[in-house]
Amino acid sequence: MRIPLIITVTLAAVAAELWLGNFAVALPLAACAVFYFTAAWGYRFGLLALLLCGLAPELILQRNFLLALAPLGVYWLALYWRAGGRTRSLAAAMLPGLLIGPLALGPLYLWRLWALGWRRVGFDEMAACILFAMFFCAFWLPLAVRFLDWIAERLGLPQYRGLEQ
């Protein structure tokens with residue numbers, strides 16, 4: 001039951017990201033899903049979410065496949081967060097939420113700067129997008145954790161909160 005939930009939630013987050021991208025809003029919603037599934041269920045299920053989160057936008061937008069590795073930093077953050085046993089409170093999910101924005105969007109914007117020849121064109125815009133994503137994810141991640149824990153509880157799956165190490 002875990003794999004269909006991972007596929008559904010991650011692809012819905014990717015679809016929401018792509019839809020928001022049409023309005024020039026860059027939010028790492030799928031990276032938040034990668035964080036949740038990795039922190040709650042371990043590295044194997046997180047790898048599946050990472051694969052979907054990384055490859056789906058690249059296949060749809062026909063970008064370079066090196067960019068599919070962009071959410072890898074979020075995956076490692078979730079593994080570190082899980083190993084430290086910091087999954088007991090929802091308020092503690094705000095701190096990794098602050099880090100998800102730069103970890104997920106940073107490589108994409110570095111790639112864009114490289115493609116532009118490291119010119120300062122659009123640098124202010126990129127910094128503003130990363131700051132907005134940081135603060136958005138700080139508030140979005142606890143809400144997503146609460147919602148996905150509610151679904152996991154209904155399905156009888158392990159939850160992020162109260163995870164026993």
Side-chain angles (χ1 to χ4, degrees), residues 1-83 86-87 90 93-115 126 129-152 155 157-160 163:
M1 198 62 183
R2 291 181 191 186
I3 292 176
L5 180 64
I6 290 172
I7 292 171
T8 303
V9 169
T10 306
L11 290 181
V14 167
E17 266 187 37
L18 294 174
W19 182 75
L20 288 171
N22 289 331
F23 303 105
V25 178
L27 295 176
L29 300 174
C32 291
V34 169
F35 180 85
Y36 176 83
F37 292 126
T38 305
W41 297 344
Y43 72 95
R44 291 184 190 125
F45 296 105
L47 275 176
L48 175 61
L50 176 70
L51 179 72
L52 292 172
C53 172
L55 287 179
E58 308 316 318
L59 290 171
I60 292 169
L61 298 175
Q62 299 176 354
R63 293 189 296 199
N64 190 336
F65 280 104
L66 287 176
L67 295 177
L69 299 175
L72 194 59
V74 175
Y75 176 74
W76 290 109
L77 172 69
L79 288 177
Y80 172 75
W81 205 254
R82 179 184 170 93
R86 298 175 188 91
T87 61
L90 286 177
M94 289 182 83
L95 181 62
L98 281 172
L99 298 174
I100 285 175
L103 287 174
L105 297 179
L108 299 174
Y109 286 136
L110 285 175
W111 180 267
R112 183 174 173 198
L113 280 174
W114 178 79
M126 290 181 220
C129 284
I130 289 177
L131 280 174
F132 180 71
M134 280 175 61
F135 292 113
F136 174 81
C137 287
F139 292 104
W140 173 254
L141 188 62
L143 294 174
V145 164
R146 172 164 282 215
F147 177 69
L148 291 172
D149 272 353
W150 178 76
I151 292 173
L155 296 174
L157 299 172
Q159 299 174 26
Y160 177 87
L163 183 68

Arg146 vs Leu143 side-chain heavy atoms within contact, under 4.5 Å = no
All heavy atoms of Ala152 vs all of Tyr36, minimum pair found to be CB-OH, 4.1 Å
Parallel under 30°, tilted from 30 to 60°, perpendicular over 60°: which one fits the rings of Phe37 and Trp41?
-> tilted
Smallest separation among heavy atoms of Ile100 and Ala31, with atom names | CG2-CB, 3.9 Å
Mind running side chain to side chain contact (heavy atoms under 4.5 Å, CB included) on Leu52 and Val14 for me, showing each step along the way?
-> CA-CA 8 Å; Leu52 292 172; Val14 167; 5.9 Å; no
Return the minimal non-hydrogen interatomic distance between Leu141 and Gly97, and the atom names on each side.
-> CD2-N, 3.7 Å
Could you tell me which residues satisfy side chain to side chain contact (heavy atoms under 4.5 Å, CB included) with Leu79, sequence neighbours excluded, listed by chain and number?
-> Thr38, Tyr43, Tyr75, Trp76
Atom pair CG (Leu29) and SG (Cys137), whose distance is rounded to the nearest 0.5 Å | 7.0 Å
Between CG on residue Leu77 and CG on residue Leu72, distance to nearest 0.5 Å | 11.5 Å
Determine the minimum heavy-atom distance between Met94 and Pro142, stating which atoms define it.
-> CG-CG, 3.6 Å
Rounded to the nearest 0.5 angstrom, the OG1-CG distance for Thr10 and Leu48 is 7.0 Å
Sequence-distant partners of Phe136, ring-ring contact (aromatic ring centres under 6.0 Å, His included), two or more places apart | Trp140
Between Phe23 and Trp19 the two heavy atoms that sit nearest each other are CD1-O, 3.4 Å
So, does Arg2 use its side chain to make a donor-acceptor pair with the main chain of Phe45 at under 3.5 Å?
-> no
Taking atom CG of Leu50 and atom CZ of Phe35, what is their separation to the nearest 0.5 Å?
-> 14.0 Å
Please round to the nearest 0.5 Å and tell me the distance separating atom SG of Cys53 and atom CD of Glu17.
-> 6.0 Å
Looking only at non-hydrogen atoms, find the nearest pair between Leu98 and Pro102 and report the distance.
-> O-CD, 3.3 Å
Side chain to side chain contact (heavy atoms under 4.5 Å, CB included) partner of Pro28, the single match among Leu103, Val74, Leu105, Ile130 = Leu105
Separation of Ile151 CD1 from Phe147 CZ (nearest 0.5 Å) = 3.5 Å
